S.K.: 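Have a look at the structure that comes next, please.
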Protein chains: 2
Amino acid sequence: MPDSEQDFLAAYDPHAYDPVAVTVDVVALTIRDGALHVLLVRRGAPPFEGMWALPGGFVRSVRDAEDLPDAAARELAEETGLSAEGALARVHLEQLATYGGPGRDPRMRVISVAYLAFAPELPDPRAGSDAADAAWVPVGSLGLTEAAAQRPGTTRRLAFDHARILTDGLERARSKLEYTPLATAFCAPEFTIPELRAVYEAVWGEELHAGNFHRKVLSVPGFVEGTGETTERGGRRGGPRARLYRAGDARLLHPALLRPSREEEVR
Amino acid sequence: MPDSEQDFLAAYDPHAYDPVAVTVDVVALTIRDGALHVLLVRRGAPPFEGMWALPGGFVRSVRDAEDLPDAAARELAEETGLSAEGALARVHLEQLATYGGPGRDPRMRVISVAYLAFAPELPDPRAGSDAADAAWVPVGSLGLTEAAAQRPGTTRRLAFDHARILTDGLERARSKLEYTPLATAFCAPEFTIPELRAVYEAVWGEELHAGNFHRKVLSVPGFVEGTGETTERGGRRGGPRARLYRAGDARLLHPALLRPSREEEVR
DNA sequence: CGAATAGTGTCTTTTAGACAGTATAAT
DNA sequence: ATTATACTGTCTAAAAGACACTATTCG
């Protein structure tokens with residue numbers, strides 16, 4: 001039987017063809033105490049029982065016929081306890097990539113569609129249905145390197161190929177902050193320029209020049225818009241009150257806010 | 001039965017859970033006669049029989065347990081007749097996005113992982129196994145607009161949600177040319193700066209200033225490296241012979257080659 | 001020859017970044 | 001008072017873009 005006919009039959013009778021499971025996994029990032037954190041769950045069942053993993057689960061394809069972004073939002077809501085009408089509406093969610101290599105799940109062929117989420121500071125998560133625990137974990141504590149991302153198990157912390165997915169998500173996040181105003185998705189509805197700078201510093205892992213950053217943000221059309229208000233108090237250790245801003249209407253930053261020192265990544 | 005247990009059982013007995021099919025679709029782009037073309041196949045079977053579609057097919061998940069990029073390369077090879085050792089090795093292939101909304105295939109739930117390919121000029125394709133026809137089609141002839149991409153069937157030419165996938169692939173291609181040296185993937189192994197400029201003009205749909213483009217390309221480290229040779233003849237309608245270049249070792253362009261006039265897309 | 005094209009020179013404007021300086025508020 | 005901080009001013013270097021110009025080759 002030629003491939004075409006086999007495929008055709010398979011389409012009408014899926015059980016006659018290769019069994020595949022489709023899941024969504026979410027790389028949810030937030031800033032806590034000035035450091036970038038990722039939402040992780042501790043697996044309560046094999047495989048990788050007891051290890052940390054990205055929150056995720058199977059896509060409901062028949063019962064609810066949910067779309068992929070809906071599935072990602074649902075997984076995020078289940079782990080964070082957020083309601084769709086509430087704080088979840090302020091979370092930025094975008095598709096990251098799909099991971100489908102054979103052998104990434106020992107049980108069967110699993111295709112995982114990964115999503116990337118940028119969230120403002122959220123309460124501590126509660127453990128979801130099939131997780132033993134859930135927590136915001138500082139990204140820096142995971143010992144992620146390119147080598148660790150490529151060889152599963154090297155970090156000894158993340159299940160499946162989740163180190164690779166997280167590494168890809170972090171790079172996407174760093175890049176997104178260059179060309180889009182999505183750093184504001186990590187902030188409260190009203191924020192100061194120094195708070196925005198702290199987001200960039202946490203995601204990029206680099207200190208930025210406060211004065212130049214300030215002027216740059218204000219010079220990009222549509223990045224932020226002033227509220228006319230200021231904070232109630234000055235900085236922790238002194239300084240004047242900072243002006244408050246809201247996210248502007250730009251969807252792209254032009255000119256972009258490029259991160260410094262990328263020489264090493266070019267070749 | 002709680003979700004977790006159901007999921008767990010499903011993982012061990014996939015037939016007990018929702019049936020899903022996973023396919024790969026390829027947005028293969030090339031430059032012909034100075035215009036951007038996409039590889040399309042005419043469907044030889046329902047649904048959408050007789051309509052144009054992106055080349056694609058089911059992922060072999062058990063028989064060969066192929067990885068997703070391998071599946072995309074296989075689909076591309078089947079439609080173009082290219083061998084993996086030959087010209088296919090010079091084609092750039094990257095994952096684009098995954099499309100999995102319910103109802104995008106009337107037969108069943110289908111998750112499509114889309115890939116984006118940049119190819120140098122290739123021979124005309126032969127019709128693959130389940131296609132009635134295959135051809136390089138000028139992108140400009142498809143009447144793609146944002147409205148057409150959102151409502152399937154509006155262009156009256158592309159099956160499924162392939163207008164949306166193609167639109168996303170084109171935007172990705174335009175963006176990739178800004179930040180990476182991948183325009184060279186559309187060229188022969190040795191090329192001239194004006195040929196490279198023609199790639200940019202075809203993908204961006206804009207004329208570029210020849211002199212400034214020339215200097216800019218040469219000023220970006222690692223973009224191109226000279227061969228010391230020149231073309232045998234001058235331009236079609238006169239002009240000196242052009243120097244020949246190869247792709248350099250840069251993986252990112254720094255500084256980037258930004259396309260002009262993006263004011264309208266910012267908001 | 002005339003026209004088209006490859007490649008370079010030069011000038012202006014924009015942007016990035018270094019650095020300094022002033023005013024404000026916490027301790 | 002001291003110190004940290006928000007924000008602004010200024011200068012320099014890098015880059016983008018407009019324009020002009022020369023040299024070469026085709027028809």
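Side chains are part of it too, since the values below use all heavy atoms of this structure and drop only hydrogens, waters and symmetry mates. Chain identifiers are assigned alphabetically (A, B, ...) following the order of the sequence lines, protein sequences preceding nucleic acid strands; residue numbering begins at 1 within each chain. Worth saying up front: this structure is predicted, and the values here are computed from it rather than measured.
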S.K.: Would you mind reading off the distance between A:L208 atom CG and D:dA6 atom P, rounded to a whole angstrom?
M.R.: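 Checked: the CG to P distance equals 13 Å.
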
S.K.: Between the side chain of A:S112 and the main-chain N/O of A:Y99, is any donor-acceptor distance below 3.5 Å?
M.R.: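 A pair under 3.5 Å: no.
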
S.K.: With the threshold set at 4.0 Å, does a side-chain nitrogen-carboxylate oxygen contact exist between B:R172 and B:D168?
M.R.: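 Salt bridge flag = no for B:D168 with B:R172.
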
S.K.: Calculate the interatomic distance between A:L258 atom CG and C:dT14 atom P; express it in whole Å.
M.R.: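 It works out to 19 Å between those atoms.
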
S.K.: Check whether any side-chain N or O of A:R157 sits under 3.5 Å from a backbone N or O of A:S141 as a donor-acceptor pair, and report yes or no.
M.R.: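 Such a contact is found between A:R157 side chain and A:S141 backbone.
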
S.K.: Are the side chain of A:R197 and the backbone N or O of A:T192 linked by a donor-acceptor pair below 3.5 Å?
M.R.: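 No; zero donor-acceptor contacts below 3.5 Å.
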
S.K.: Within the sub-3.5 Å range, which N or O atoms of nucleotides 19-21 of chain D have a protein N or O partner, and how far apart are they?
M.R.:
none

S.K.: Looking at A:E178 and A:K216, is any side-chain nitrogen of the basic one under 4.0 Å from a carboxylate oxygen of the acidic one?
M.R.: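 Salt bridge between A:K216 and A:E178, a charged N being under 4.0 Å from a carboxylate O: no.
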
S.K.: Answer yes or no: is there a donor N or O on one side and an acceptor on the other, between the side chain of A:T30 and the main chain of A:A119, under 3.5 Å?
M.R.: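 Between the backbone of A:A119 and the side chain of A:T30 there is a qualifying donor-acceptor contact (under 3.5 Å).
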
S.K.: Is there a side-chain contact between A:H214 and the phosphate of D:dA6, meaning an N or O under 4.0 Å from OP1 or OP2?
M.R.: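 A:H214 to D:dA6 OP1/OP2: no side-chain N or O under 4.0 Å.
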
S.K.: Keeping the roles fixed (side chain from B:Y200, backbone from B:L177), state whether a donor-acceptor pair exists under 3.5 Å.
M.R.: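 Looks like yes, one N/O pair under 3.5 Å.
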
S.K.: Nearest whole Å is fine: how far is D:dT5 C1' from A:F213 CZ?
M.R.: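 Nearest whole value for this atom pair: 15 Å.
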
S.K.: My understanding is that only one of A:L68, A:L96, A:V27, A:I165 makes a side chain to side chain contact (heavy atoms under 4.5 Å, CB included) with A:Y115; could you say which?
M.R.: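 Of the listed residues A:L68, A:L96, A:V27, A:I165, the side chain to side chain contact (heavy atoms under 4.5 Å, CB included) partner of A:Y115 is A:L68.
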
S.K.: For nucleotides 12-14 of chain D, tabulate all protein N/O to nucleotide N/O atom pairs closer than 3.5 Å, reporting atom names and distance.
M.R.:
none

S.K.: Could you state the atom-to-atom distance from CG of B:L218 to C1' of D:dA15 in whole Å?
M.R.: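 Spelled out: CG on B:L218 to C1' on D:dA15 is 16 Å.
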
S.K.: Using a cut-off of under 3.5 Å, enumerate the N/O to N/O pairs linking the protein to nucleotides 23-26 of chain C.
M.R.:
unit_1	atom_1	unit_2	atom_2	d
C:dT24	O2	A:P240	N	3.2
C:dA25	O4'	A:G239	O	2.8
C:dA25	N3	A:G239	N	3.3
C:dA26	OP1	A:G234	N	3.4
C:dA26	O4'	A:G238	N	3.4
C:dA26	O3'	A:R236	O	3.2

S.K.: Can you tell me the distance, in whole Å, between the CG atom of B:L196 and the P atom of C:dA6?
M.R.: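 Whole-Å distance recorded here is 13 Å.
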
S.K.: Would you say A:K216 reaches C:dT15's phosphate, i.e. side-chain N/O to OP1/OP2 under 4.0 Å?
M.R.: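 For C:dT15, OP1/OP2 do not have a side-chain N/O of A:K216 under 4.0 Å.
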
S.K.: Whole-Å distance between C:dT5 C1' and B:E207 CD?
M.R.: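 That distance rounds to 14 Å.
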
S.K.: Is there a side-chain contact between A:R243 and the phosphate of D:dC7, meaning an N or O under 4.0 Å from OP1 or OP2?
M.R.: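 So the side chain of A:R243 is within the cut-off, an N or O lying under 4.0 Å from OP1 or OP2 of D:dC7.
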
S.K.: Looking at B:W204 and B:R174, would you say the former's side chain and the latter's main chain have a donor-acceptor pair under 3.5 Å?
M.R.: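 Confirmed, B:W204 side chain pairs with B:R174 backbone.
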
S.K.: Taking the side chain from B:Q95 and the backbone from B:P69, do they hold a donor-acceptor pair closer than 3.5 Å?
M.R.: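 Between the backbone of B:P69 and the side chain of B:Q95 there is no qualifying donor-acceptor contact (under 3.5 Å).
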
S.K.: Could you grab the distance from atom CG of B:L39 to atom CG of B:D124, nearest 0.5 Å is fine?
M.R.: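 Between atom CG of B:L39 and atom CG of B:D124 there are 10.0 Å.
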
